[in-house]
Structures are given as structure tokens and as C-alpha cells.
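The structure under discussion appears below in the form of C-alpha cells.
Indexing begins at 1, ligand by ligand and atom by atom, following the structure's order.
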Amino acid sequence: MIDLKNLTIKKAHEHFSKKDFSARELAESYLKNIESKNPEINAYLEVYDDVLAQAGEADKKIASGNFDVLTGIPLGIKDNILIDGKKATSASKILAGYVAPYDATVIKKLKAQSAVFLGRTNMDEFAMGGSTENSAFGVVKNPLDISRVAGGSSGGSVAAVAMGGSLGALGSDTGGSVREPAAFCGVVGLKPTYGGVSRYGLMAMGSSLDVIGPVTKTVTDSEILFDAIKGADKMDSTTHSLNSNLKSLNSKTIGVPYHILEQEGIDPEVKKNFNDSIKKLQDLGYEIKDIKLPNIEYSLAVYYIIMPAEVSSNMARFDGVKYGLHVEGGKNLLEDYLKTRGAGFGPEVRRRILIGTYVLSAGYADAYYNKALMLRQKISDDFKKAFAEVDVIATPTAPCPAFKIGEKSDPLSMYLADIFTVTANIVGIPAISIPSGTVPAGDKNLPVGLQIMAPHDHEPFLFDLGKKFLGE
Ligand code: GLN
């Protein structure tokens, strides 16, 4: 029996080197675990039928002695990332029957290392949400308390890792979708620098905010997956190679914008846990500075204008002609569009299309969209100033631990869960969520996360600090 509970990507790689077990044996263990746990947790929408064949290929590479750190490593892939020949639906009915015609760049890179793809993971429809309750295929339950959400939108990827259903996973993060579920399930979630990882083959949500990020059990594994997928790509003109000339890999000064903890709606237990984490960092030798980010209180408003504006434009391609679902019976093209989109999109996607078209419309663009762009610049300037004084910035990842399924039925209360995460996407900087212990929630203690943000391309700061924090 392979001890999946304590296994990490790094350890599995070492076991492969020592021939303790094969990639096939490891894949079999995961398939078994998924079979027993997935019916309840609903992390995977589909488990691929060629997993053992993929593992067999990986074993050949391992036998040759010339293999990579991700060779044979079983991964879950969010349902909005394309794998050639496999279904991809973004957990939406509108993509029923769609089969990806090419590999996303991240998939190409993972295939080059012969990683093993176990299946596609559940998510909020088109990544819009923070709980997977917007999935057309049912909510993902939190493996630590099944009455609660796993978080979202990458809840399936995160729950897969947390339930022992994969060693690592890929999610996408537009406003916190990797970090918030990672915090809710006690794992590590990284949102890389915007443009640090190619978006080619990722279904677009908010194109100026989206980035693919790894979900793992440890910071060491996060770095391994990030190193595998990062880099410039000619298929995505917003990508760049990460600056490898950083002055040093470790940070010394941590800025804490204490003023944002005074906002309404932050669980006092989360604040307490955060203060304990800061104390721990201080004991590790970091200098803590109280900093001000004067415009950060507008982040959520800015995000919920810019994101739907981009969503409304990105969703226009799903017209019943080019991809997936086509509802018959329209008398003309417009009716075809209306019938297909009416049947295929869920309520949250429709809400965002409506908001997006509104804030972009001729009469309102100046009042909303253009104003949000101006504030986006101001928030970026605040961070630039702050990073002249400190190396990294710390906040909690989310204002609460995992909430009950159905608890946040009002969209506004759901949006508030993103209060700490959206800023990194607005500014384009990297941010990581690392498990920082548990807080009381109902009759259980549930995990929460510590978020660390760094200047553009300074992922090494996050990995170094994260490893020290977790004692890796
Ligand atoms: N929860 C946020 C939203 O609903 C973030 C989503 C994401 O990062 N994809 O937009």
C-alpha cells in the first residue's frame, strides 16, 4: 500500500528513482481513492480512461533513467484547461459535447515531462464564483467537512488534492480561485505573476486578470509545478520569461496593511489566526512593518466592474454555432443565439454578462468601466510605493473559513469572500496561500490560509518564505 496521505510530488519522484513503486502502481492507488471518495466529494467531473496507459508511458521513461521531476506524477486538471482530444466544459451546459482540438501550453509542457492526467476537475461555471455552487454539475464538498464548500472556482482541483485524489492540480485564478479554495481545504495555492504562465488553451474569463496556478500539498511542490508551466509563449503575447536576475531569493521585510483588517465582515478568529501567523514570521526573523494601501478598499468594486466587462466580451463566442451546445428551433440566427445561450448559461454567468455589458455601454462606460480602470492604476501605484519599503505583503487569504453549502445565496455576500484575493489580480502580482492552521467553525476546526503577495516576477520570495513558514 502506498501511503498517499503523506506523499508529495517531491517524495513520489524520489520513490520512482529508488524503484519503490511504479507510476502505474501510483496511478492505480489514486484511481482507487477517487473511486471511493469522488461520489461524495464531486471533485472530478470525469476520470480519464487512459490513465494507466499514460502511467505506462511514464514508467518507460523512468526505466530509461532519463526522466523529469513530474514524470509519472498524477495530476487533476481544471475543466477550463484544454487537453487535446478530451472533453472540456468549464462546468457549463453550453459546452456539452465539446472536445478540445489542441493542448493548452501548460498541458504541452506537462506532457513533455510525462505527467499523468487523472481527469478534469469540477469548478464554478466558467470560473465565476467562489464555492463551485455555480457548477452545472453540482457542488464540490469540502473533504474536511462535507456540509461545507471546498471553495472556488477551482474547488474541484483543490478538493482532489485534499481528498487524496491527486498529488497536485492546476486551477485558474482570476480573483482568487486558486487561493481561496486552497485556504478552505488546507493546501497550498499559487497565483503566479500575470503573464508568467501562458493562457493559451485556458478558457478566458477576465483576460487581463486570468492566470493558471498550481495546487499542491507543499510549497516545494508548488515551486516544482510552477517551474514546469511558467515562461514566455509565442501563442500568448501577454507572457514573458520571469526575471531570473532577482537580487536575492529571500525577503526580509513584510508589510502588513493592518487597516484592511478593520473592514466589516472579517471573522475575528481569522484575524486572530493571522496575527499568530505574523508573530510566527517575526520569530522566524522577519521584520514586520505596518503599511498603508490607501486605495485597496476599492479593490472589490474595481474587480467586480472590470471582470464582468471582460466576461461579457469573452462569453460572446458561445453562440450555439462555434462550440458545444446548439438548441434547435430558432427562426433566425438571433433566435438561435438567444435559445442556446438561454439554455446553456447558468444564472451567475448571465448576471455577469448583464453587468458587463451595462458598465461598458456608451452611456455608462465613463461612470463605471473607465473609472475602474483609473482606480486600477491607483491601486497598482499604491503597491509600487509599498514595495519600495517592504519585500512582501501579508494578509489573510479569505475573511472566513469554508462556509456552509447554500449559506451565501446572495451574490454580494459571496463576492465579499474575495476581499483579500482580487487585488493581486488587479495589480498582476504573484500571491500564494499557505495553510496557517485552523479556526473554530461550527463543531469543527477548519483550515484558513495566510496570503503573501510579492512584486511582479518575485515568486521565489513566496516559495522561500512559504517553506520557512511551513518548516519544509
Ligand atoms: N470568486 C471570484 C469570482 O467569483 C474569483 C473567481 C476566479 O478567480 N476565477 O469572480
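- At least one heavy atom of R352 lies less than 4.0 angstrom from ligand 1.
- By the neighbour-count criterion of 12 heavy atoms within 6.0 Å, atom OH of Y368 is sparsely surrounded, having that number or fewer from other residues, nucleotides or ligands.
- The atoms of ligand 1 that sit less than 4.0 Å from any heavy atom of D173 are 8 (O).
- Nearest protein neighbour of atom 6 (C) of ligand 1, counting heavy atoms only, is S177 OG, 2.9 Å.
- The distance from ligand 1 to the heavy atoms of A127 drops below 4.0 Å at these ligand atoms: 6 (C), 7 (C), 9 (N).
- Contact atoms of ligand 1 toward S153: 9 (N) (distance under 4.0 Å to a heavy atom of the residue).
- By the criterion of a heavy-atom distance under 4.0 Å, neither the backbone nor the side chain of E180 is placed next to ligand 1.
- For the residue pair K78 / S172, a side-chain donor-acceptor distance below 3.5 Å is found, with atom types taken as modelled.
- Considering backbone and side-chain atoms alike, M307 places every N or O at 3.5 Å or more from each N or O of ligand 1.
- For ligand 1 and M205, the ligand atoms under 4.0 Å from any heavy atom of the residue are 9 (N), 10 (O).
- When ring centroids are compared, Y369 and Y364 stay outside the 6.0 Å threshold.
- Both the sub-6.0 Å distance and the 45° axial angle are not jointly satisfied by K93 relative to the ring of F345.
- Atoms of ligand 1 lying under 4.0 Å from at least one heavy atom of Y303, given by number and element, are 2 (C), 3 (C), 5 (C), 6 (C), 10 (O).
- A cation-pi arrangement is absent between K378 and Y298 under the rule of less than 6.0 angstrom and at most 45 degrees off the ring axis.
- Counting heavy atoms under 4.0 Å from ligand 1, residue Y304 touches it through the side chain alone.
- Set against the non-hydrogen atoms of G175, the atoms of ligand 1 under 4.0 Å away are 5 (C), 7 (C), 8 (O).
- Other residues, nucleotides and ligands contribute more than 12 heavy atoms inside 6.0 Å of the NZ atom of K230.
- Using a 4.5 Å heavy-atom threshold, the side chains of F383 and L293 count as touching.
- The part of D418 lying near ligand 1 is the side chain, judged by heavy-atom distances below 4.0 Å.
- Aromatic ring centres of Y415 and Y303: separated by at least 6.0 Å.
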